[in-house]
Amino acid sequence: MRSFLGRDILSLKDFERSEFFRVFEIAEDLEPIARNRQNTDLLQGKTLVTAFYQPSTRTRLAHEAAMIRLGGQVTGFSDAKMTRAGDFYQESIKDTVKMLEFYGDVIVMRHFQQGAPAEAAKWASIPIINGGDGWGEHPTQILTDLYTVYQEKGRIDGLKWLAVGDMRMRTMHSLAYGLTQFDCPITFVSPEGQRLSDEMKADLRNYSLDFNEVEHVEQAIADADVILVEPVVQPDYTKSRDERTGEVDLTPSNYKITRELLENKAKSDAILLHSLPRMDEIPPDVDITRWSRYWQEAFNGVVMRMALLALVLGATE
Ligand code: CP
């Protein structure tokens with residue numbers, strides 16, 4: 001297995017099976033710190049730099065919370081408009097990270113351009129963690145989701161997945177690549193115009209992922225052990241900011257997980273994940289049902305970032 005020390009976390013493509021289990025093992029070791037709301041000194045003397053060129057609630061704050069739980073420091077920006085990258089200069093990724101690398105020991109970057117964190121990693125001498133890049137990938141979110149399944153089900157192999165939402169979404173790409181390392185058939189449900197690209201499907205076949213596509217959640221929900229949902233009513237992820245103007249569409253029933261659907265069609269022990277934020281694709285009355293695991297997923301978001309920071313900064317090897 002490759003060492004995590006000093007490593008960039010850019011994509012789940014080519015993330016090896018043993019590496020998933022190594023990350024889960026460290027997450028399990030560190031989880032009591034977060035559960036007991038303690039702070040430790042594991043990363044004392046280390047600093048996380050947050051470089052967020054797109055809005056975020058969970059990804060930025062979970063990384064920051066994780067760093068603080070481990071005794072490290074945090075600096076950075078949550079709005080590139082307050083930096084030279086977001087004003088007249090439009091400072092390049094290269095010039096920006098050639099500065100940021102002197103302000104800390106690891107950088108988590110979210111960007112509206114696919115590939116921006118990989119570009120940053122070309123120039124930075126410290127690890128870059130991809131916090132979501134355009135329609136590209138969101139590896140730390142899907143590591144969180146896989147860890148949540150591992151915790152809730154005790155395994156990942158042998159579980160059937162249903163993924164519902166916009167398949168252009170970065171989480172869906174990381175999910176598909178992540179599942180290539182497990183024995184997990186997956187069914188995708190998405191609207192016309194939001195389907196997996198032909199290029200992506202060819203790539204997934206190349207990695208031997210067992211997948212199919214159907215039109216309506218009702219066609220696949222009965223078989224699913226894990227139901228992962230994302231919105232189909234979405235902003236444009238290639239923009240630095242996409243404000244809501246006026247009314248937004250409602251989610252068609254094909255892509256909606258209602259309480260009635262869960263009660264009548266889902267396996268009684270299936271689990272329902274959503275990385276959030278949500279629109280109306282999971283109504284709030286689902287939250288208290290036994291299927292929902294998205295608040296657990298949110299907690300695990302901190303635990304997973306603790307594991308990744310500890311690994312890339314060498315606190316665990
Ligand atoms: N799940 C997720 O990436 O949420 P944020 O956009 O709030 O970071």
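In what follows, residues are counted from 1 in the order of the sequence shown.
Residue Ser11 comes nearest to Pro139 through the heavy atom pair N-CG, 4.0 Å, listed as atom of the first residue, atom of the second, then distance. Residue Gln194 comes nearest to Asp166 through the heavy atom pair OE1-CB, 3.2 Å, listed as atom of the first residue, atom of the second, then distance. Heavy-atom minimum distance, Arg60 versus Ser56: N-OG, 3.1 Å. Of all non-hydrogen atoms in Val106 and Ile126, the two that sit nearest each other are N-CD1, 3.6 Å. Residues Cys184 and Leu209 come closest through the heavy atom pair O-CD1, 4.3 Å. When all heavy atoms of Pro277 and Pro231 are compared, the closest pair comes out as O-CG, 3.7 Å.
The number of heavy-atom neighbours closer than 6.0 Å to CD of Glu263, taken from other residues, nucleotides and ligands shown, is above 12. Within a 6.0 Å radius of CG in Asp236, other residues, nucleotides and ligands contribute more than 12 heavy atoms. Within a 6.0 Å radius of CD in Glu199, no more than 12 heavy atoms belonging to other residues, nucleotides or ligands are found. Heavy atoms from other residues, nucleotides or ligands lying under 6.0 Å from CZ of Arg35 number more than 12. Shown here is Arg241, whose CZ atom has no more than 12 heavy atoms of other residues, nucleotides or ligands within 6.0 Å.
Ring pair Phe24/Phe20 is tilted by interplanar angle, where 30° to 60° counts as tilted. A tilted orientation is assigned to the rings of Tyr237 and Trp135, their planes being inclined by 30° to 60°.
Within the 4.5 Å cutoff, no side-chain heavy atoms of Ile282 are placed close to those of Thr258.
Side-chain contact check for Thr171 and Glu230: at least one donor-acceptor pair (N or O, by modelled atom type) lies under 3.5 Å. A donor and an acceptor atom, one from each side chain of Arg168 and His173, are nowhere located under 3.5 Å apart. Side-chain atoms of Gln151 and Glu31 form no donor-acceptor pair, as typed in the model, at a separation below 3.5 Å. Residues Arg69 and Thr40 bring no donor and acceptor atom of their side chains to less than 3.5 Å of each other. Between the side chains of His111 and Glu119, no donor-acceptor pair is found at a separation under 3.5 Å. Side-chain contact of Asn300 with Tyr150: a donor-acceptor pair under 3.5 Å is absent, judged by distance alone.
Taking 4.0 Å as the cut-off between side-chain N and carboxylate O, Asp157 and Arg17 count as a salt-bridged pair.
Tyr294 pairs in a side chain to side chain contact (heavy atoms under 4.5 Å, CB included) with only one of the listed residues (Asp287, Thr148, Leu273), which is Asp287.
By the side chain to side chain contact (heavy atoms under 4.5 Å, CB included) test, Ala220 pairs with Leu162, Thr187, Val214, sequence neighbours left out.
With Trp123 as the aromatic partner, Lys98 does not meet the cation-pi criteria of under 6.0 angstrom to the ring centre and within 45 degrees of the ring axis.
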Between Thr59 and Arg110, does a side-chain hydrogen bond (donor to acceptor under 3.5 Å, both in side chains) hold up when you go through it step by step?
-> CA-CA 9 Å; Thr59 308; Arg110 169 167 289 187; 2.9 Å; yes

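No chain of hydrophobic side-chain contacts below 4.5 Å, direct or via other Ile, Leu, Val, Met, Phe, Trp or Tyr residues, connects Leu311 to Ile128. Hydrophobic clustering of Ile, Leu, Val, Met, Phe, Trp and Tyr side chains at less than 4.5 Å, counting indirect connections, keeps Ile156 apart from Ile227. By the rule that hydrophobic residues join a cluster once side-chain heavy atoms approach within less than 4.5 Å of another member, Tyr147 and Ile271 end up as members of one cluster.
A distance of 4.0 Å separates NE2 in His216 from CG in Asn254, rounded to the nearest 0.5 Å. The distance from the CG atom of Leu175 to the CD atom of Glu137 is 10.5 Å, given to the nearest 0.5 Å.
For the pair Asn130 (side chain) and Leu10 (backbone), a donor-acceptor distance under 3.5 Å is present. The main-chain N or O of Asp87 is found under 3.5 Å from a side-chain atom of Gln90 such that the two form a donor-acceptor pair. No donor-acceptor pair under 3.5 Å is formed between the side chain of Arg305 and the backbone N or O of Met67. Arg7 places no side-chain N or O within 3.5 Å of a backbone atom of Val312 that could act as its donor or acceptor partner. Looking at Gln73, its side chain never comes within 3.5 Å of a backbone N or O of Leu48 through a donor-acceptor pair. In this structure a side-chain-to-backbone donor-acceptor pair under 3.5 Å is missing from Arg293 to Glu152.
A centroid separation of less than 6.0 Å is found between the aromatic rings of Phe182 and Phe21. In this structure, Phe15 has its ring center no closer than 6.0 Å to that of Tyr177.
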